[in-house]
Amino acid sequence: MRQQISLDWRSLPPEAKQQFLEELQKRQGSRVSLQFKRKYRNDRVAFVHDCFNWRVGEKPAGYQDDILAAAEKHKRRAVRGPHGLGKTAIAAWEVIHFAITRDGDDLDDWKVPTTASAWRQLTKFLWPEIAKWTRRLKWDLLGRPMFDKRTELLALSLKLSTGEAFAMTSDEHEMIEGSHAPSLLLIFDEAKAIKPETFDACEGALSGGDSTEAYALAISTPGECSGRFYEIHKRAPGYEDWWVRHVTLEECIAAGRVSREWAEQRAKQWGPKSAVFQNRVKGEFCSSDADGVIPLSWIELANERWLEWNENKTWGTFDGVGVDVSRSQNGDKTCLALRHEKVITEIRRTTEVDVMSVTGQVAGILKKRGGRAVVDVIGVGAGVYDRLAEQKFKAVPFNASESTTAKDRSGELEFLNKRAAAWWNMRELLDPANGEDVALPPDDELIGDLASPHWKVTSSGKVQIESKDDLRKRLGRSTDTADAVVMIFFEQPKRRILFA
C-alpha cells in the first residue's frame, strides 16, 4: 500500500514550491480538480476557512460566515453595517471563490462584473484586496499553480481559462445588463450611492433561465434614506427576493473589527443621533436633519473628490488660509484650513491660544505660499488679524455677527449675518446640482462639523445658522474646523461666490 505523506505548504522552501507547481501545471494545466470544485462550489464558508492561510488567532467573523452561507439559498444578497466590518474582504472572497470553483466547467463560461459607486473604490480597495487574498490561497490544496500576474491576475481583472472577473464603472448600464453567462456573480461595492439604473441593469443580467446560475451581492455602509440600496433594505415592494443583513456595531466589536473606544469617541465627536454617526458607526440608514445646513451625502461626495485629487496632487494656485482661533482653554482648537483653488489641501489644529504664537504660524504659511488669511476676529482672533495686518500680510477680517447684503444664488434668500451667508455659500458650493467640484479631506472632525449646524428662517424672513455657542451646548463642542473652511471659501475679493 502506498504511504501518503502530508507536507505543510508554508514550510517548504521556495524552490520546492516552484518545482511542485511546475509539475502540477504540466499534469493538469491551470484548472483545479473536479473533486475540489464539487466539494467547494456551493460551500463558500468552507472554502474561505479551508483554502486561505489564516494567521494565528485570525478567522472570519460569524457575520461574515452568515453572509457567505446565505448564497446557498438566496441569489440576491444586500448587506449593510458599520465602517470597518470587513465588507471588502467579503467581496474579495466571493470573487475568488466563484472564479476558482467555476473555471474550466464544460457548461460554458463564467463572469464576475464588479462595480462601485466610485471608480476609486475598485482601483484602491476591492481589486487590491482581491490580489491580497490570492496571495494567501493554499495552492497545494487547490491543485493548481499561483495565478500568473502577466496573463491571469491583472490590476483590475482575473482572467482564467473559461471566464473573467473584471471592474466596470457603475454607469455602464448597458454593459452590466449584457453580462450574461451560464455562471454569473455581480458585486456592488459601496452600493448605497449606486444609481437605480445600475440595479435595474443588474436585473436584466440576472434574468437567465433555469440553466443559468446568477448571484448578486450588494454591500455598503448605509447613507441617506433613499436610493435602491435603501429600498432593498426597507423591503419595498418588488425587492422581497433580496436577502438583507444588517451587521450591528456590537457584532463588529465582538469580532474585534471595531473597537468600543472608537465608537464612543465618534459618539462624542459627531453626536449619537447625528446622521454621520448612525451611518458610519451604527450601520443604520439615516438622513441628515431636515433643518441641517449641509447634507452628509454632499460632504461625502466632496471627500471622494479629495481622495481623487490626493492621488495626483495637482495643487493649483494657493488661495489662502482660514483661521479660526480658539477663544479659551475649554477644549476648542485653533484651526487652520489651507486652500488651493477648489481644494482644502491641509487642515492644521492646535490647542494654542497665544496670539503671537498663532500669528507666527499663519505668517509662516503666508511667507512661504503667498495668498491671504481670513481670520475670525471675534475674541482673541482680533489680535491675530491686527498683528498680521501690521506685518503687511494680506489679512481679511471675518466678523460672524456682522450684517451682510449677500444673497443666495437665486437672489431670493437673505441672511441674518455674515456667518449665515458664509455657511449657506458652503452649502451651495457642495450642492451637486451646482457642479462646483469642491474637494474636502475625509477628516472626521470636519465631516462632523459640517453636518452638524441647523438653520431656520427668522421672523424677518432671513436665514439664520445655529450659533457656535448653541452648537457647543447641543453637541458639547464647537465647529472650529468647519468654520475655518467656511471662512476661506466665503471671503472673496470683489465677489461673494467662489466660482460664479
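At distances below 3.5 Å, not a single donor-acceptor pair connects side-chain atoms of D189 with backbone N or O atoms of A91. Looking at R305, its side chain does come within 3.5 Å of a backbone N or O of V438 through a donor-acceptor pair. Put simply, the side chain of N279 gets close to the backbone of E284: a donor and an acceptor are under 3.5 Å apart. No donor-acceptor pair under 3.5 Å is formed between the side chain of S157 and the backbone N or O of L154. Put simply, the side chain of T479 never gets that close to the backbone of A482: no donor and acceptor are under 3.5 Å apart. Formation of a donor-acceptor pair under 3.5 Å by the R144 side chain with backbone atoms of L142 is not found in this model. Of the possible polar contacts, none joining the D65 side chain to the V45 backbone as a donor-acceptor pair under 3.5 Å is found. Remark: side-chain polar atoms of K342 are paired, donor with acceptor, to backbone N or O of E436 under 3.5 angstrom. A donor-acceptor pair under 3.5 Å is absent between the side-chain atoms of E311 and the main chain of W309, judged by distance alone. Looking at S220, its side chain does come within 3.5 Å of a backbone N or O of K192 through a donor-acceptor pair.
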- Step-by-step side-chain contact (heavy atoms from CB on, under 4.5 Å) determination, L217 to I90: CA-CA 10 Å; L217 172 64; I90 296 170; 4.3 Å; yes

- Query: Do F166 and V95 pass the side-chain contact (heavy atoms from CB on, under 4.5 Å) test, and can you show the C-alpha distance, the side-chain angles, and the key distance before you say yes or no?
  - Reply: CA-CA 10 Å; F166 52 91; V95 172; over 6 Å; no

- Message: One pair to check against side-chain hydrogen bond (donor to acceptor under 3.5 Å, both in side chains): S170 and W119. What are the steps and the verdict?
- Response: CA-CA 8 Å; S170 60; W119 182 247; over 6 Å; no

- Show your reasoning for whether salt bridge (charged side-chain N to carboxylate O under 4.0 Å, His left out) applies to R77 and E94. CA-CA 12 Å; R77 292 164 292 157; E94 290 271 355; 2.6 Å; yes

- Task: Apply the test side-chain contact (heavy atoms from CB on, under 4.5 Å) to residues F52 and L137: give CA-CA distance (whole Å), side-chain angles for both, the deciding distance (0.1 Å), then the verdict.
- Result: CA-CA 4 Å; F52 291 112; L137 279 167; 3.4 Å; yes

- Applying side-chain contact (heavy atoms from CB on, under 4.5 Å), run through L338 and I344 and close with a yes or a no. CA-CA 6 Å; L338 282 66; I344 293 297; over 6 Å; no

- W298 and D431: CA distance, side-chain angles, deciding distance, side-chain hydrogen bond (donor to acceptor under 3.5 Å, both in side chains) verdict: CA-CA 6 Å; W298 297 2; D431 185 344; 4.8 Å; no

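For K282, the NZ atom counts as loosely surrounded, since its 6.0 Å shell holds 12 or fewer non-hydrogen atoms of other residues, nucleotides or ligands. Other residues, nucleotides and ligands contribute only 12 or fewer heavy atoms inside 6.0 Å of the NE2 atom of H83. More than 12 heavy atoms of other shown residues, nucleotides or ligands fall within 6.0 angstrom of atom NZ in K75. Atom CD of Q35 has 12 or fewer neighbouring heavy atoms from other residues, nucleotides or ligands inside a 6.0 Å radius. Other residues, nucleotides and ligands place more than 12 heavy atoms under 6.0 Å from the CZ atom of R474.
For R44 and F47, the positive end is not near the middle of the six-membered ring at less than 6.0 Å and at most 45° from its axis.
No hydrogens or angles considered: a donor-acceptor pair under 3.5 Å links the side chains of D483 and W423. The closest side-chain donor-acceptor pair between R257 and Q64 falls under 3.5 angstrom. No hydrogens or angles considered: nothing links the side chains of N434 and E428 as a donor-acceptor pair under 3.5 Å. Between the side chains of R266 and Q269, a donor-acceptor pair is found at a separation under 3.5 Å. T162 and D109 are not linked by any side-chain donor-acceptor pair at a separation below 3.5 angstrom, with hydrogens and angles left out of the test. Checked by atom type, the side-chain pair E190/S117 shows no donor-acceptor distance below 3.5 Å.
Between L126 and A92, the shortest heavy-atom contact is CD1-N, 4.1 Å. Of all non-hydrogen atoms in E224 and P295, the two that sit nearest each other are OE2-CB, 4.4 Å.
The distance from atom CD1 of I253 to atom CZ of R260, rounded to the nearest 0.5 Å, is 4.0 Å. Between atom NZ of residue K39 and atom CG of residue D50 there is a gap of 5.5 Å, rounded to the nearest 0.5 Å. Atoms OG1 and CD1, from T481 and I447 in turn, are 11.0 Å apart once rounded to the nearest 0.5 Å. Rounding to the nearest 0.5 angstrom, the gap separating the CZ atom in F489 from the CG atom in N425 is 9.5 Å. In this structure, CE in M426 is found 11.0 Å from CD1 in I488, a value given to the nearest 0.5 Å. Separation of atoms OG (S259) and CD (Q265) is listed at 10.0 Å; rounding is to 0.5 Å.
Taking the side chain as every heavy atom from C-beta outward, K313 and N310 approach each other to under 4.5 Å. Within the 4.5 Å cutoff, the side chain of D43 has no heavy atoms near those of the L68 side chain. Side-chain contact between T114 and W127 is present, with at least one heavy-atom pair separated by less than 4.5 Å. In this structure, Y40 and I100 have side chains that are not in contact, with every pair of non-hydrogen atoms separated by 4.5 Å or more. Between T101 and V32 there is no side-chain heavy-atom pair separated by less than 4.5 Å. Between P441 and L446 there is a side-chain heavy-atom pair separated by less than 4.5 Å. In this structure, the side chains of R477 and L471 stay at 4.5 Å or more apart for every pair of heavy atoms. Counting only heavy atoms from C-beta outward, the side chains of T345 and H340 approach each other to under 4.5 Å.
Between D148 and R150, at least one side-chain N (NZ, or NE/NH1/NH2) sits under 4.0 Å from a carboxylate O, which counts as a salt bridge. A salt bridge between E213 and R41 is present, with a side-chain N of the basic residue lying under 4.0 Å from a carboxylate O of the acidic one. We find that R228 and E231 are joined by a salt bridge, their nearest charged nitrogen and carboxylate oxygen being less than 4.0 Å apart. The existence of a salt bridge linking K473 and E466 is excluded, since no basic side-chain nitrogen approaches an acidic carboxylate oxygen closer than 4.0 Å.
For the salt bridge (charged side-chain N to carboxylate O under 4.0 Å, His left out) with R349, the qualifying choice from D449, D480, D443, D324 is D443, the only one to do so.
R245 meets the side chain to side chain contact (heavy atoms under 4.5 Å, CB included) test with Y63, D66, I67, V79, W243, V247, E251; sequence neighbours excluded. Residues passing the salt bridge (charged side-chain N to carboxylate O under 4.0 Å, His left out) test with E129, sequence neighbours excluded: K132.
Ring centroid separation for the pair W133 and W54 comes in under the 6.0 Å cut-off. Residues W424 and W455 bring their aromatic ring centres within 6.0 Å. Aromatic pair F147/W139: ring centres closer than 6.0 Å.
Every pair passing ring-ring contact (aromatic ring centres under 6.0 Å, His included) that includes a residue from residues 219-242 is listed here, sequence neighbours excluded: F229-H233, F229-F285, Y230-F285, H233-F285.
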